[in-house]
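Have a look at the structure below before the remarks.
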Amino acid sequence: MKTKILTILKEQPGFVSGQALCGWLGVSRTAVWKVIKQLEEEGYVIEAVRNKGYRLVEAADVMTEAEIGSRLCTERMGRSLVYLPQTDSTNIYARKLAQKGYPDGTLVVAESQTAGKGRRGRNWSSPAGSSIYMSLLLRPDIPPYCASMITLVAGMAVSQAVGEMTGLPARIKWPNDVVVNGRKICGILTEMSTEMESIHYIVTGIGINVNQQDFPEEIMATATSLRIEAAKKISRSALIACTMAWFEVYYDQFLKTKDLSLLKAGYETMLANMGQEVLVLDPDGTYKGICRGIDEAGRLLVDTLEGEPKRVLSGEVSVRGIYGYV
Ligand code: BTN
């Protein structure tokens with residue numbers, strides 16, 4: 001009911017009478033009043049005028065199930081939504097939901113994480129108040145070797161949503177980071193549960209630096225936030241909803257072919273290193289080359305400086321620009 005009232009208040013430019021809300025929702029005036037009070041406690045500013053009703057004056061950067069739900073325009077992604085004030089890791093939580101049978105597209109969002117996971121066993125610092133920590137549970141009918149492609153699909157969704165909401169040039173640092181002006185604003189961690197040749201489920205975790213105003217010295221040179229780059233506060237709930245909308249579009253394209261052939265051209269327009277010199281940190285030996293894009297399996301195409309074409313597999317290597325992180 002909270003989501004419905006919030007959605008109605010957002011859609012109406014003026015006052016909505018308490019009576020109309022009761023009629024639409026089939027509940028008592030007291031029930032409506034209680035929800036309005038809850039919304040105010042969460043940070044919304046709602047004007048209440050006798051004989052006129054309620055009017056939403058300001059929607060703060062509230063990140064709750066109702067706020068995210070009221071902004072979603074997807075069919076499946078995020079329609080099953082779990083919001084947690086705190087959890088160990090949204091990826092771990094989503095895995096537990098997967099085992100309980102939650103559907104494809106289930107989204108877990110947390111305000112903070114006590115054991116946020118980064119790639120290569122690293123920790124993902126996850127304090128409350130300014131970031132997005134979310135994980136999508138997916139149940140695609142694809143072979144296990146295709147799972148890593150979902151990271152690229154998620155990267156496209158974040159890059160597109162950030163661009164749309166902030167006007168910033170968000171680019172993908174293949175395979176799992178999104179960067180703005182050469183610094184990281186998002187990391188993606190895809191994990192899966194498989195058996196022989198089939199996938200039980202996939203969990204794609206996305207961490208986005210949204211409203212931080214500063215960073216610890218160790219990562220200041222490589223990390224930034226949308227607020228720092230855009231010089232304005234960004235609504236986390238709106239960004240989550242927008243990312244889900246784009247994810248659904250790209251994911252459906254991906255599912256048609258079970259590879260990236262329909263997304264390759266779009267992906268390459270978002271690729272940070274496209275046409276530039278990169279350093280490939282391959283365990284078998286580091287080499288320099290020119291980044292030529294991706295293939296339909298999501299491998300990075302690199303022509304070595306000696307002219308040999310290589311297909312770089314994610315997970316095997318790390319790719320840098322020759323002058324630093326991007
Ligand atoms: C990386 O760049 O190393 C990937 C970071 C992924 C972080 C996100 S935050 C939400 C989800 N839950 C986790 O524990 N990790 C991912």
Side-chain angles (χ1 to χ4, degrees), residues 63 68 77-78 81-98 102 105-138 147-159 161-162 170-180 182-193 201-212 215-216 218-226 236-237 239-241 243-244 247 272 281 298 300 314-320 324-326:
M63 198 173 64
I68 299 165
M77 297 302 137
L81 176 63
V82 176
Y83 170 79
L84 306 159
Q86 186 171 80
T87 187
D88 45 4
S89 151
T90 53
N91 270 31
I92 295 174
Y93 201 92
R95 291 183 89 123
K96 288 184 188 149
L97 296 185
Y102 273 62
T106 296
L107 179 66
V108 181
V109 179
E111 179 64 54
S112 68
Q113 300 183 119
T114 53
K117 296 198 279 182
R119 282 212 321 164
R120 298 172 204 270
R122 290 193 201 112
N123 162 53
W124 185 261
S125 162
S126 309
S130 53
S131 293
I132 292 173
Y133 314 113
M134 62 180 175
S135 299
L136 253 181
L137 165 61
L138 301 165
S148 62
M149 299 178 202
I150 307 272
T151 297
L152 279 67
V153 175
M156 288 182 81
V158 173
S159 164
V162 166
R171 298 280 174 269
I172 301 166
K173 178 178 176 285
W174 181 93
N176 73 312
D177 291 353
V178 179
V179 298
V180 171
R183 292 193 164 98
K184 178 163 171 170
I185 55 115
C186 167
I188 300 166
L189 176 67
T190 297
E191 299 177 302
M192 64 174 158
S193 161
Y201 60 83
I202 289 177
V203 168
T204 293
I206 304 175
I208 310 179
N209 303 332
V210 185
N211 286 322
Q212 287 96 326
F215 284 89
E218 323 80 82
I219 55 167
M220 232 158 72
T222 53
T224 189
S225 75
L226 300 178
R236 287 178 291 166
S237 297
L239 182 56
I240 291 171
T243 304
M244 287 303 105
F247 185 88
L281 307 174
L300 195 72
S314 70
E316 272 181 7
V317 295
S318 180
V319 174
R320 304 255 158 86
Y325 162 70
V326 175

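Basis for what follows: all heavy atoms, side chains included, without hydrogens, waters or symmetry-related copies. For ligands, and for the atoms within them, numbers begin at 1 and follow the listed sequence.
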**Asked** Between L152 and P175, is any pair of side-chain heavy atoms under 4.5 Å apart?
**Response**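 Yes - at least one pair of side-chain heavy atoms lies under 4.5 Å apart.
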
**Request:** Below 4.0 Å from any atom of ligand 1, which residues have a heavy atom? Give them in chain and number order, please.
**Result:**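 Under the 4.0 Å cut-off, ligand 1 touches S89, T90, N91, Q113, G116, K117, G118, R119, W124, Y133, M134, S135, N176, D177, K184, G187, I188, L189, G205, I206, G207.
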
Among residues at least two apart in sequence or on other chains, which ones pass side-chain contact (heavy atoms from CB on, under 4.5 Å) with [X]?
X: K184; value: W124, D177, Y325
X: T151; value: N176, I188, T190
X: A157; value: T243, W246, F247, Y250

**side-chain hydrogen bond (donor to acceptor under 3.5 Å, both in side chains) partner of N91, the single match among K117, Q113, E191** =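 Option passing the side-chain hydrogen bond (donor to acceptor under 3.5 Å, both in side chains) with N91: E191.
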
**Request:** Mind listing the closest non-hydrogen atom pair of G205 and S135 along with its distance?
**Result:**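 That would be CA-OG, 3.7 Å.
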
